[in-house]
Amino acid sequence: MADVKIYLPDNSEKVFDHEPTVLEVAQSIGDRLAKDTVGAQINDNKEIIDLRTPLAHGTQLKIVTLSQPEGLEVIRHSAAHILAQAVQELWPEIQVTIGPVIANGFFYDFGAKTSFTDEQLELIEKRMQEIVKRAAPIELSVLSKQEAIATFKKLGENYKVEIIEDLDVPEVSIYTQGDWFDLCRGPHVQLTSQVKSLKLLSHAGAYWRGDENKDQLQRIYGTAFSNKKELKEHLRLLEEAKKRDHRKLGKELGLFYLNPLSPGGPFFTPKGTVIYNQLQNYMREKYVEFDYQEVITPQIYDVDLYHQSGHYGNYKENMYFTKIDDRDFSVKPMNCPGHCVLYHMEHKSYRDLPYRIADFGRLHRYERSGVMHGLTRVRSFCQDDAHIFCTTDQMQTEIESFMKLLNEVYSTLGMTDYHIYFSTRPKKRMGSEENWDRAEAALENALKHMGLDFEINEGDGAFYGPKLDIMFVDALKRPWQLGTLQCDFNMPDAFNLNYTGSDNTDHRPVMLHRAILGSLERFIGVYLEHTAGRLPLWLSPVQVKILNLTDAQIPYCEELYQQLKAIGLRVELDQRSEKLGYKIREAQTQRVSYLLVVGEKEMESNTVSIRLKNGKTKLAVARSEFFEKIEKEQESRSLDESWVVE
RNA sequence: GCUCAUGUGGCUCAGGGGUAGAGCACACCCUUGGUAAGGGUGAGGUCGCGAGUUCAAUUCUCGCCAUGAGCUCCA
């Protein structure tokens with residue numbers, strides 16, 4: 001056989017007299033590297049291949065080791081196998097199905113009669129540790145499809161048989177560790193002992209092949225890392241996420257409640273409503289700046305509207321209907337059809353475009369009972385919704401302006417980490433190819449022109465047009481889809497919308513649906529978790545709380561209270577005869593932005609002592625100085641309050 | 001909607017076939033205290049709703065509702 005050359009990232013090459021496996025190449029470089037090798041990436045491909053894969057001549061090889069982030073995928077995949085082995089050692093009658101790697105770990109679905117318990121999870125994890133200790137080599141073998149089917153049939157592994165039967169390949173790969181094996185595509189680590197830091201997290205039901213009409217399986221979630229430290233950090237983030245759960249914070253801070261009398265219909269308290277309204281006010285200011293006009297449209301429509309828009313056909317399951325005097329009505333699940341009606345009621349000329357109308361109308365969508373979740377998935381909500389009717393030529397400018405607006409809003413809110421996804425035409429779609437070409441070009445050109453990074457989701461657009469989705473990544477690294485911009489060719493058609501062009505003939509406008517915060521409800525939920533409830537001053541329900549030390553300071557505090565109120569701040573005065581420590585604890589847990597402590601000293605020197613949300617204090621600040629700074633902070637919607645403590 | 005779990009004063013939870021308990025919060029009293037919980041007293045619950053079993057149900061069984069985890073869905 002001729003020489004087989006393998007190229008390494010530093011452009012050096014290794015020569016073999018046969019097609020070497022990844023591991024062999026690693027060995028030729030060094031024992032240490034070989035020991036840590038868990039897979040490889042070849043020819044600039046992102047996919048990680050198994051370390052047992054033979055490499056063809058001319059392959060560009062990048063070895064992936066245990067300690068690399070890419071290695072995690074392999075470790076977790078092997079961890080899933082160890083989980084399956086542990087379960088079958090403990091309960092041989094339980095069948096295996098599939099166990100993929102997911103974002104922050106892995107899961108494995110089992111065909112078991114009853115669900116697992118927390119105690120069983122502990123037992124399984126212990127057994128997994130044992131399997132890890134055994135340091136069994138993981139070996140790859142290949143069986144013909146028939147052999148594999150026969151093998152798994154004999155074992156009674158019916159799910160596996162079904163999987164193999166559906167595979168369109170002559171041979172399948174089997175990974176063996178000790179006396180246990182599984183059908184698997186790989187990749188896997190070399191020894192079970194390389195999965196050092198693992199943890200089972202939870203168990204839940206799932207369906208075979210994700211189909212609710214098929215068998216109910218028992219899923220176990222877990223995670224694994226290359227070292228204890230990273231696992232610990234991950235578990236800490238999970239803990240932190242629990243602490244920051246907006247449902248918990250909402251109760252603790254008294255912002256909103258849910259009640260069985262209106263499932264999915266949050267009740268906002270006066271404090272929660274402050275946040276809600278401040279966000280709306282802010283968006284309204286931005287609308288003025290970006291030339292949007294706000295409108296108010298009906299809540300309830302004749303069902304005919306939704307027949308015309310097409311929602312009745314496609315979205316009926318999520319709509320609320322009512323019949324009065326033999327006439328069918330629906331509560332609006334979105335603003336767009338109403339906006340089309342509004343557009344139609346005045347004759348439009350090209351001079352009227354772009355016609356940008358914003359609407360904070362309340363929307364109702366009947367979500368299935370199992371999907372509701374705090375504020376992030378509700379049945380009654382409002383969006384920072386707006387529709388832009390424009391010509392195709394105006395699209396790019398409108399898109400750029402939208403992205404600019406979005407960026408300003410997100411920066412103000414301290415949401416700097418976000419990603420843009422551009423979804424292009426799906427297979428099933430409506431509208432002319434020319435329209436799709438122009439809309440996609442407008443989106444892409446806008447992003448490129450602004451120098452924004454984006455990722456393309458090929459074929460993921462709506463049937464009525466391409467779109468941008470904005471994915472915000474929060475402080476705990478969790479992604480949330482908030483903002484969106486969707487081009488729509490369908491609705492202008494459905495409502496026969498026109499404008500008179502400069503050529504004195506009618507033309508059809510394009511409709512852009514867009515939102516920046518998404519739903520206010522959902523946004524507040526996400527933002528509470530992002531900030532752990534420590535809101536910037538302008539959003540804070542209680543911005544200043546005045547705490548007196550003794551009754552002697554009450555008049556001074558009342559005067560302060562009135563002055564702060566007069567400059568438009570949300571201020572409270574706690575003059576109860578409680579100890580200072582008690583009042584501070586309470587105000588601190590309520591995340592009050594500024595605590596003003598007033599005792600004899602402050603009163604005599606006409607100052608206040610300031611305590612921040614973070615517990616830091618600054619003594620004896622002149623009243624005027626505090627007023628000036630806090631007004632400025634309020635005015636600028638600043639995120640930074642560090643001026644108080646140097 | 002599906003699977004499993006949960007549902008006890010405003011909140012967090014304990015209890016358990018003989019009509020209920022703690023802490024916090026709340027009210028009143030004492031305390032006037034310098035940066036995360038001072039003390040006392042008191043009020044507050046037909047134990048999610050409905051049915052069944054039982055002499056007796058908040059406790060057991062079933063149904064419903066809601067919540068949670070996950071699945072599925074998400075124009």
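Lettering of chains follows the sequences in order, A, B, ..., and the numbering in each one begins at 1.
Distance noted for atom P between B:C4 and B:A51: 26 Å (whole Å). A distance of about 34 Å separates the P atoms of B:C11 and B:U53, rounded to the whole Å. The C1' atoms of B:A25 and B:U59 are separated by 28 Å, rounded to the nearest whole Å. The same atom, C1', is picked in B:A43 and in B:C28; the two are 10 Å apart, to the nearest Å. When the C1' atom is used for both B:G34 and B:G38, the distance is 15 Å, rounded to whole Å. Taking the P atom of each, B:C55 and B:C24 are spaced 43 Å apart, rounded to whole Å. When the P atom is used for both B:A20 and B:C73, the distance is 49 Å, rounded to whole Å. With P as the reference atom, B:U12 and B:U8 are 8 Å apart, rounded to whole Å.
A salt bridge links A:R244 to A:E240: one of the charged nitrogens lies within less than 4.0 Å of a carboxylate oxygen. In summary, A:E559 and A:R623 engage in a salt bridge, as defined by a charged side-chain N under 4.0 Å from a carboxylate O. In this structure, A:E586 does not pair ionically with A:K583, as no charged nitrogen and carboxylate oxygen lie closer than 4.0 Å. Under the 4.0 Å criterion applied to side-chain N and carboxylate O atoms, A:R362 and A:E521 are assigned as salt-bridge partners. Ionic pairing of A:E433 and A:R425 is present here: one or more N-O contacts between side-chain nitrogen and carboxylate oxygen are shorter than 4.0 angstrom.
If you check every strand for non-hydrogen atoms under 4.0 Å, A:K601 touches a base. Among the heavy atoms of the strands lying under 4.0 Å from A:E600 is at least one base atom, whether or not backbone atoms are also near. Note on A:R576: only backbone sugar-phosphate atoms sit closer than 4.0 angstrom, heavy atoms only; bases stay farther off. Using a 4.0 Å heavy-atom distance criterion, A:G465 is classed as making no nucleic acid contact.
Comparing A:S202 and A:Y257 by the nucleotide of RNA chain B whose heavy atom lies nearest to each, the residue mapping closer to the 5' end is A:Y257. Mapping A:S262 and A:E367 onto RNA chain B by nearest heavy atom places A:S262 at the nucleotide closer to the 5' end.
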Next on the checklist: Using a 4.0 Å heavy-atom cut-off to protein, can you give one letter per nucleotide of nucleotides 35-42 of chain B, 5' to 3': B if the base is in contact, S if only the sugar-phosphate is, - if neither?
Outcome noted: BBBB----

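Aromatic ring centres of A:H339 and A:F389 lie farther apart than the 6.0 Å criterion allows. A centroid separation of less than 6.0 Å is found between the aromatic rings of A:Y221 and A:F107. Between A:F110 and A:Y108, the distance from one ring center to the other falls under 6.0 angstrom.
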Please tabulate, for side-chain N and O atoms in residues 314-321 of chain A, each donor-acceptor pair with protein atoms closer than 3.5 Å (sequence neighbours left out).
| residue | atom | partner | partner atom | Å |
| --- | --- | --- | --- | --- |
| A:N314 | ND2 | A:G310 | O | 3.2 |
| A:Y315 | OH | A:R365 | NE | 3.4 |

Expected list for residues 93-105 of chain A: side-chain donor-acceptor pairs under 3.5 angstrom, two or more places apart:
| residue | atom | partner | partner atom | Å |
| --- | --- | --- | --- | --- |
| A:Q95 | OE1 | A:N158 | N | 3.1 |
| A:T97 | OG1 | A:D109 | O | 2.5 |

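Here the C1' atom of nucleotide B:U72 and the CD atom of A:E317 are 14 Å apart, to the nearest Å. When rounded to the nearest whole Å, the span between CD of A:Q590 and C1' of B:C11 equals 12 Å. Atom P of nucleotide B:C74 and atom CE of A:M334 are separated by 13 Å, given to the nearest angstrom. For the pair A:L549 CG and B:U32 P, the interatomic distance rounds to 12 Å; values are reported in whole Å. The distance between atom CG of A:L261 and atom C1' of B:C49, rounded to the nearest whole Å, is 12 Å. One interatomic measurement links the two molecules: CD of A:E252 to P of B:A25, which rounds to 14 Å at whole-angstrom precision. Atom P of nucleotide B:C74 and atom NZ of A:K467 are separated by 11 Å, given to the nearest angstrom. Counting to the nearest Å, the C1' atom of B:C74 and the CE atom of A:M372 are 14 Å from each other.
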Distances under 3.5 Å only, N/O to N/O: pair up the protein atoms with those of nucleotides 1-3 of chain B.
| residue | atom | partner | partner atom | Å |
| --- | --- | --- | --- | --- |
| B:G1 | OP2 | A:S369 | OG | 2.8 |
| B:G1 | N9 | A:R368 | NH2 | 3.2 |
| B:G1 | N7 | A:G370 | N | 3.2 |
| B:G1 | N3 | A:R368 | NH2 | 3.0 |
| B:C2 | O2' | A:Y207 | OH | 2.7 |
| B:C2 | N1 | A:Y207 | OH | 3.3 |
| B:C2 | O2 | A:Y207 | OH | 2.2 |
| B:U3 | O4' | A:Q216 | OE1 | 2.9 |

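Ring geometry for A:H307 versus A:Y312: interplanar angle of 30 to 60°, hence tilted.
In this structure, A:L482 and A:I470 have side chains that are not in contact, with every pair of non-hydrogen atoms separated by 4.5 Å or more. In this structure, the side chains of A:R514 and A:H387 stay at 4.5 Å or more apart for every pair of heavy atoms.
Regarding contacts with the backbone of B:A69, a side-chain N or O of A:H373 is found under 4.0 angstrom from either OP1 or OP2.
Donor-acceptor pairing under 3.5 Å, judged by distance alone, is absent between the side chain of A:R219 and the base of B:C4.
Applying the side-chain hydrogen bond (donor to acceptor under 3.5 Å, both in side chains) definition to pairs two or more places apart or across chains, those involving residues 199-209 of chain A are A:D118-A:H203, A:E162-A:W208, A:D166-A:R209.
Paired runs in RNA chain B that reach 3 or more consecutive Watson-Crick or G-U pairs, where each pair keeps both distances under 3.5 Å, cover B:1-7 with B:65-71, B:10-13 with B:21-24, B:26-30 with B:38-42, B:48-52 with B:60-64.
Looking at the side chain of A:R247, the nearest of the listed nucleotides B:A66, B:G68, B:G70 is B:G68.
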